[in-house]
Protein chains: 2
Amino acid sequence: MTTADWISAFPGLNKLDPEITKSLIEASKVVHLPAGTRIFGPGQAPQAYLLVTAGRVRIQQTSDSGREIVLYRVSPGESCALTTACLMGFEDYQAEGIAETDVEAVTIPRATFDDLITRSPEFRKFVFTAFGVRITNLCRVIEDIAFSRIDVRLAQRLLELGGDRGRIEFTHQQMASELGTAREVISRQLNEFQRRGWIATSRGIIDIKQPQALRQLAAAP
Amino acid sequence: MTTADWISAFPGLNKLDPEITKSLIEASKVVHLPAGTRIFGPGQAPQAYLLVTAGRVRIQQTSDSGREIVLYRVSPGESCALTTACLMGFEDYQAEGIAETDVEAVTIPRATFDDLITRSPEFRKFVFTAFGVRITNLCRVIEDIAFSRIDVRLAQRLLELGGDRGRIEFTHQQMASELGTAREVISRQLNEFQRRGWIATSRGIIDIKQPQALRQLAAAP
DNA sequence: TAGAAGTATGTGACCAAGTCACATTACTAA
DNA sequence: TTAGTAATGTGACTTGGTCACATACTTCTA
């Protein structure tokens, strides 16, 4: 089976030489990871280059004191810079990757990855661009944590996570981990949002009622 | 002139094939940048791969509100992941790189960089490891900002910047930019450190008097 | 189906850190 | 010497994080 369907999900991989594409498809293997799988983490290095085709992987970091913060997510059409870096020989990092939903991904063995890097400028660009996006993204996170108000950040994240249905199945503690803050802080902010009618909450659920109000807050200077 | 002295400053580049080393040296050019030079930034993409051989480059980010935070520094023996990413085609980032001291660096043209990536596994590993280090580093910054107390972070940074002489020629505002906080916060913390006899300060200068006291605070949980 | 245990959320008091406004103190260049 | 500028000091206030504990909802079990 060398169904190449998945490759169309990666804009950066569309312009590869047919030969390269062939190598890529032949060496790749589609894997399915159930929600909750720990894909990599301290003491658990990934064995292959990973391209997510369906589902979502959450990359997060836990501090010594046990508090967590979500660094970024890997969505379909993306790869994880951390696993790539690890694959290329740098293994000492603290973050961990967890399948947030059932995940379908394509794995490419290290040797093939190395071979493709050598042979294809387009593949190289794809990989380096992925690095660039992640680094830029982490810089953005730093800026947000350092300089943005918690209500603004919460509104942004609610909109990001809400999707079309506007329903987020997260506990307050999970939302706190999203933003690297404390549960009580989230509880208070959510209560305030609810008081204003922007959201409705019940145990483990947040429903967005007035996305435009959240958007306005999220866009605040 | 193809003095290859600089190459010994890069542990990752020591094991290259003689041929690769030759290419590297022939294509490289040593450049000198006076302190204060803006090496890259929004709207100012770097034109070549940059390896720092002497001096120090500061990578920082400025928020919309004008506040700054130092993301990391590039010291001799290191390269800048952001410029690399940029070089490989990803250009949209907000951070800027500034020569903090007079800087001596080796530049490698894009074409040569690309060629070396293709031909040398060791060079690839060097580049990818540099990415990994930076990403790990940024994750550490995120953790610090999100979870560490400002006095602990200040103590750490004072020790990092103090060097052997234990003198730091920074204004309070500059120290605030280091940690992404406000000048008043730094002033108060420094006053407290001074009150305890750990440091001495005068206009634009911080002298470390009791590094071990700072170390103890810096190691706090 | 009641009770118990576990998880999620609410709340007030308090502390840490960031903001604002303005005063004071050093340096620098006429 | 003296403006003028840059650096630092300070108090009042707001925001956000911490702590301790109360309350409410779910699920499991007897």
Side-chain angles (χ1 to χ4, degrees), chain A residues 36 62-69 141-158 167-196 199-207 217-218 220-221, chain B residues 36 62-69 141-158 167-196 199-207 217-218 220-221:
Chain A
T62 306
S63 77
D64 299 331
S65 57
R67 272 175 59 185
E68 292 181 346
I69 184 167
V141 172
I142 290 174
E143 193 179 317
D144 277 354
I145 299 180
F147 305 132
S148 294
R149 294 173 50 97
I150 198 72
D151 52 355
V152 173
R153 293 175 59 213
L154 178 57
Q156 288 171 346
R157 196 55 67 100
L158 288 175
R167 162 162 290 198
I168 303 159
E169 299 190 10
F170 274 47
T171 65
H172 296 185
Q173 181 57 62
Q174 285 175 307
M175 281 306 302
S177 294
E178 286 290 320
L179 302 178
T181 184
R183 197 259 312 160
E184 298 91 321
V185 174
I186 296 296
S187 292
R188 283 175 204 138
Q189 294 293 339
L190 287 178
N191 281 342
E192 178 61 21
F193 287 180
Q194 187 163 30
R195 198 186 61 74
R196 296 184 194 168
I199 61 172
T201 68
S202 55
R203 188 185 174 97
I205 290 172
I206 305 165
D207 282 306
L217 177 59
Chain B
T62 306
S63 77
D64 299 331
S65 57
R67 273 176 60 185
E68 291 181 348
I69 184 165
V141 172
I142 290 174
E143 193 178 319
D144 277 353
I145 300 181
F147 306 132
S148 293
R149 292 173 50 97
I150 198 72
D151 53 355
V152 173
R153 294 175 58 214
L154 178 57
Q156 288 171 347
R157 195 56 66 99
L158 288 174
R167 162 160 292 197
I168 302 159
E169 299 190 10
F170 273 47
T171 65
H172 296 185
Q173 181 57 64
Q174 285 175 306
M175 282 305 303
S177 295
E178 286 289 321
L179 303 179
T181 183
R183 196 258 314 158
E184 297 92 319
V185 174
I186 296 296
S187 293
R188 281 174 204 141
Q189 294 294 338
L190 288 178
N191 281 342
E192 179 60 22
F193 287 179
Q194 187 163 32
R195 198 186 61 75
R196 296 184 194 169
I199 62 171
T201 68
S202 54
R203 188 187 172 97
I205 291 171
I206 305 165
D207 282 306
L217 177 59

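For clarity, every value in this text was computed on a predicted model and none was experimentally measured. A note on names: the letters A, B, ... follow the listed sequences, proteins ahead of strands, and every chain is numbered from 1.
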Between B:Arg196 and B:Glu192, is there a side-chain N and carboxylate O pair less than 4.0 Å apart?
yes
Which whole-number value in Å describes the distance from A:Arg67 CZ to D:dG17 P?
7 Å
Do A:Gln156 and A:Asp144 have side chains that approach each other closer than 4.5 Å (heavy atoms only, starting at C-beta)?
yes
Kindly say whether, by distance alone, the side chain of B:Arg183 makes a donor-acceptor pair under 3.5 Å with the base of D:dG9?
yes
Polar side-chain atom of A:Arg67 near backbone of B:Phe147 as donor-acceptor pair, under 3.5 Å:
no
Report which part of the nucleic acid B:Thr201 touches: base, sugar-phosphate, or nothing (heavy-atom distance under 4.0 Å, all strands).
nothing
Expected output is a numbered-order residue list: members of residues 141-158 of chain A with a heavy atom under 4.0 Å from any atom of DNA chain D. What is it?
A:Arg149, A:Ile150
Please tell me if A:Arg188 has a side-chain N or O lying less than 4.0 Å from either OP1 or OP2 of D:dG17.
no
Can you give the first and last nucleotides of DNA chain C, 5' to 3', that have an atom under 4.0 Å from a heavy atom of chain B?
C:dA16 to C:dC27
Note: A:Gln189 and A:Ile150 closest approach over all heavy atoms is NE2-CG2, 3.5 Å
Closest-nucleotide ordering on DNA chain D, the 5'-leading residue of A:Val185 and A:Arg203
A:Val185
B:Phe193 versus B:Ile206: any side-chain heavy-atom pair under 4.5 Å?
no
OG-CD1 distance between A:Ser63 and A:Ile69, expressed to the nearest 0.5 angstrom:
10.0 Å
Round to a whole Å and report the spacing from CD of B:Glu184 to P of D:dG11.
13 Å
Does D:dG16 have OP1 or OP2 sitting under 4.0 Å from an N or O in the side chain of A:Gln189?
yes
Any side-chain heavy atom of A:Thr201 within less than 4.5 Å of one from A:Asp207?
no
Given the options B:Arg149, B:Met175, B:Glu178, B:Leu154 meets side chain to side chain contact (heavy atoms under 4.5 Å, CB included) only with B:Met175
Enter the distance from A:Ile186:CD1 to A:Gln174:CD here, rounded to the nearest 0.5 Å.
11.5 Å
Tell me: CD of B:Gln194 to C1' of D:dG9, nearest whole Å?
12 Å
Whole angstroms only, please: what is the CD1-P distance between B:Ile205 and D:dA6?
18 Å
Rounded to whole Å, how long is the line connecting atom CD1 of B:Ile186 with atom P of D:dA7?
15 Å
